[in-house]
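What follows is a short report on a single structure.
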2 protein chains.
Amino acid sequence: MTGRPRDPAVDDAIRQATLELVADQGYRGVSMEGIAARSGVSKQAVYRRYSSKGEVILDALAAYARTRLPNPDTGDLREDLLTLLEETFAAQRGVPGALNQALAAEALQDADFARRVTETLIRSRRAAVGEILDRARSRGEVTYPDNDILIDLVFGPMWYGLVFDATKLTDAYAAELATAVTTLATSPPN
Amino acid sequence: MTGRPRDPAVDDAIRQATLELVADQGYRGVSMEGIAARSGVSKQAVYRRYSSKGEVILDALAAYARTRLPNPDTGDLREDLLTLLEETFAAQRGVPGALNQALAAEALQDADFARRVTETLIRSRRAAVGEILDRARSRGEVTYPDNDILIDLVFGPMWYGLVFDATKLTDAYAAELATAVTTLATSPPN
DNA sequence: TCGCTACGGTCCGGTGCGTATTGGAATTAG
DNA sequence: CTAATTCCAATACGCACCGGACCGTAGCGA
């Protein structure tokens, strides 16, 4: 049986309320009851769609990520990395940053959720950097043998910053990081 | 007036209970009431000593860190980094790792606490790596101009791993990371 | 019409927070 | 010795949130 279809307006209201709450109160200000109250929706309407607070945030962030996934291709490794890092860090200074922080907080409390996040979001972000590296590699720019560690060096500092000091993620820092990773990736093999 | 002195056994019981709880239940399993119950101490005895759950965890971890702070000096940069990373990662696979995860979860929910953690723990850990780099620099091994970014590349991936997959922090990974950072630090200036 | 599912609203038991009170034990000042 | 002070365990409180259950109503398909 199909039954009554879900009201798309309810979906939108939940997403919107989640964004607003996490934006101006951070992870601590987000609760299932709070989301329901703010969106003018019953708690069950939320629980019918999401099994936990983490799922709500993950969905909101996934929707955000679908719209803009940076994948620069300028023909120069450092330029590609710089563009990607600047765009990514700029996002971390705004609402997506708060969402990522909430995501991390949730992941730290639930290993299964952490795995879900990895498979949903992290993987595609890493793939984007992997493509940049592969293109540079085919141009002969990259000599470093291991993509994975290079990707860790790109994203590691970002999460480090998100946890302890998000203001660290400036354009200047993006430039330093792009330079460092490029230098390593193109360093002559010994 | 001095009044009745605090019972040191109570301090120990609280610390011990905190370690046990975070070790086998993670951050989610840690609560002020749980700590009090497990340690056989009244809630007020806990609140008299710590203003929040984060403070309890921070103190437990600081006590842990005071005992063993790795500061290898083998005369070789990669060797020093490898030793430090292996020891550090090994700790992250155990109780201190769970404590660090709890710390991160708390920091993500409280910016002030994040700053406190930075000043208490992070700073000294970074300084340890800074000394390794400075020593190598004075030996002429290091050419890379900026210590800070190198230190970020050492610890960034660790926190990245702590958030999403602590099993990543193996000896093999420590070796890869030590190689990468050493390669970058000693890369010829362009 | 009947069966199903969604909706808002309301209530429930349970848990944790942070604070407060009570009655007693330990310590020091006078 | 006594009074003041601080600690202690135990217990209770109001508040917020969780996850779910139950209403009565609303929309949709068979």
Side-chain angles (χ1 to χ4, degrees), chain A residues 1-18 20-22 24-60 102-103 105-110 112-113 116, chain B residues 1-18 20-22 24-60 101-103 105-113 116:
Chain A
M1 276 292 176
T2 29
R4 173 176 175 175
R6 290 191 181 170
D7 185 351
V10 171
D11 294 73
D12 293 345
I14 292 173
R15 262 194 277 269
Q16 180 64 26
T18 305
E20 290 174 11
L21 283 173
V22 79
D24 61 53
Q25 296 195 4
Y27 176 68
R28 185 148 254 170
V30 179
S31 71
M32 294 299 256
E33 298 199 335
I35 290 169
R38 177 125 187 180
S39 57
V41 150
S42 70
K43 244 198 318 182
Q44 299 74 351
V46 182
Y47 275 105
R48 201 172 286 122
R49 290 166 171 77
Y50 306 100
S51 61
S52 73
K53 182 164 49 168
E55 298 295 323
V56 184
I57 294 165
L58 182 55
D59 184 56
L103 217 61
E106 201 68 27
L108 280 165
Q109 300 176 50
D110 183 346
D112 279 348
F113 182 73
R116 260 181 66 72
Chain B
M1 278 292 178
T2 28
R4 172 177 177 176
R6 290 192 181 170
D7 186 349
V10 171
D11 293 73
D12 293 344
I14 291 172
R15 261 194 277 270
Q16 181 63 27
T18 305
E20 290 173 10
L21 282 173
V22 79
D24 61 52
Q25 297 194 4
Y27 176 69
R28 186 146 254 169
V30 179
S31 71
M32 294 297 257
E33 297 199 336
I35 291 168
R38 177 128 188 180
S39 56
V41 149
S42 71
K43 245 201 313 184
Q44 300 76 348
V46 182
Y47 275 104
R48 200 174 287 120
R49 290 164 171 77
Y50 305 100
S51 60
S52 71
K53 182 166 46 169
E55 298 295 323
V56 184
I57 295 166
L58 182 55
D59 184 55
Q101 288 175 323
L103 218 62
E106 200 69 26
L108 280 165
Q109 299 177 51
D110 183 345
D112 279 349
F113 181 74
R116 261 181 66 72

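Chain identifiers are assigned alphabetically (A, B, ...) following the order of the sequence lines, protein sequences preceding nucleic acid strands; residue numbering begins at 1 within each chain. Here the structure is a predicted model, which is why all the values come from computation and not from measurement.
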Next on the checklist: For A/Arg38, is the CZ atom crowded, meaning more than 12 foreign heavy atoms sit under 6.0 Å from it?
Outcome noted: yes
Checklist entry - What's the shortest heavy-atom distance between A/Ala105 and B/Leu108, and which atoms? => result N-CD1, 3.5 Å
Checklist entry - Ion pair present between B/Glu55 and B/Arg49, side-chain N to carboxylate O less than 4.0 angstrom? => result no
Item to check | Check: B/Lys43 side chain, C/dG18 base, donor-acceptor under 3.5 Å | outcome: yes
Checklist entry - For B/Arg49 and D/dC8, is the shortest distance between a side-chain N/O and OP1 or OP2 below 4.0 Å? => result yes
Checklist entry - Which residues within residues 10-18 of chain A lie with some heavy atom under 4.0 Å of an atom in DNA chain C? => result A/Val10
Checklist entry - Which sits closer to the 5' end of DNA chain C, B/Pro5 or B/Ser51, going by the nucleotide each is nearest to? => result B/Ser51
Checklist entry - Start at the 5' end of DNA chain D and walk down; is the nucleotide closest to A/Lys53 or to B/Arg48 reached first? => result B/Arg48
Checklist entry - Within less than 4.0 Å of OP1 or OP2 of C/dC4, is there a side-chain N or O belonging to A/Arg4? => result no
Could you pull out every donor-acceptor pair under 3.5 Å between side chains of residues 27-35 of chain B and any protein atom, sequence neighbours left out?
| unit_1 | atom_1 | unit_2 | atom_2 | d |
| --- | --- | --- | --- | --- |
| B/Tyr27 | OH | B/Glu106 | OE1 | 2.5 |
| B/Ser31 | OG | B/Gly34 | N | 2.8 |
| B/Glu33 | OE2 | B/Lys43 | NZ | 2.9 |

Item to check | OP1 or OP2 of D/dT6 under 4.0 Å from side-chain N/O of B/Arg6 | outcome: no
Checklist entry - Less than 4.5 Å apart, any side-chain heavy atom of A/Arg48 and any of A/Arg6? => result yes
Checklist outcome for this item: Separation of D/dG19 atom C1' from A/Glu55 atom CD, nearest Å, is 15 Å
Checklist entry - Rounded to the Å, how far apart are A/Arg28 CZ and C/dG18 C1'? => result 12 Å
Item to check | B/Thr2 vs A/Val41, nearer the 5' end of DNA chain C by closest nucleotide | outcome: A/Val41
Checklist entry - Please give, in whole Å, the distance from C/dG16 P to B/Tyr47 OH? => result 11 Å
Next on the checklist: The test is side-chain contact (heavy atoms from CB on, under 4.5 Å); show your working for B/Leu58 and B/Tyr50 and say whether it passes.
Outcome noted: CA-CA 10 Å; B/Leu58 182 55; B/Tyr50 305 100; over 6 Å; no
Next on the checklist: To check you understand the geometry: which heavy-atom pair defines the closest contact between A/Ser39 and A/Ala13, and what is its length?
Outcome noted: CB-O, 3.3 Å
Item to check | Check: A/Val56 and A/Ile14 side chains under 4.5 Å, non-hydrogen atoms | outcome: yes
Item to check | Whole angstrom value for the distance that separates C1' of C/dC17 from CG of B/Asp110 | outcome: 15 Å
Item to check | Neighbours of DNA chain D within residues 30-38 of chain A, by heavy-atom distance under 4.0 Å | outcome: A/Ser31, A/Met32, A/Glu33
Checklist entry - Any Lys/Arg nitrogen of B/Arg15 or B/Asp59 sitting under 4.0 Å from an Asp/Glu carboxylate oxygen of the other? => result yes
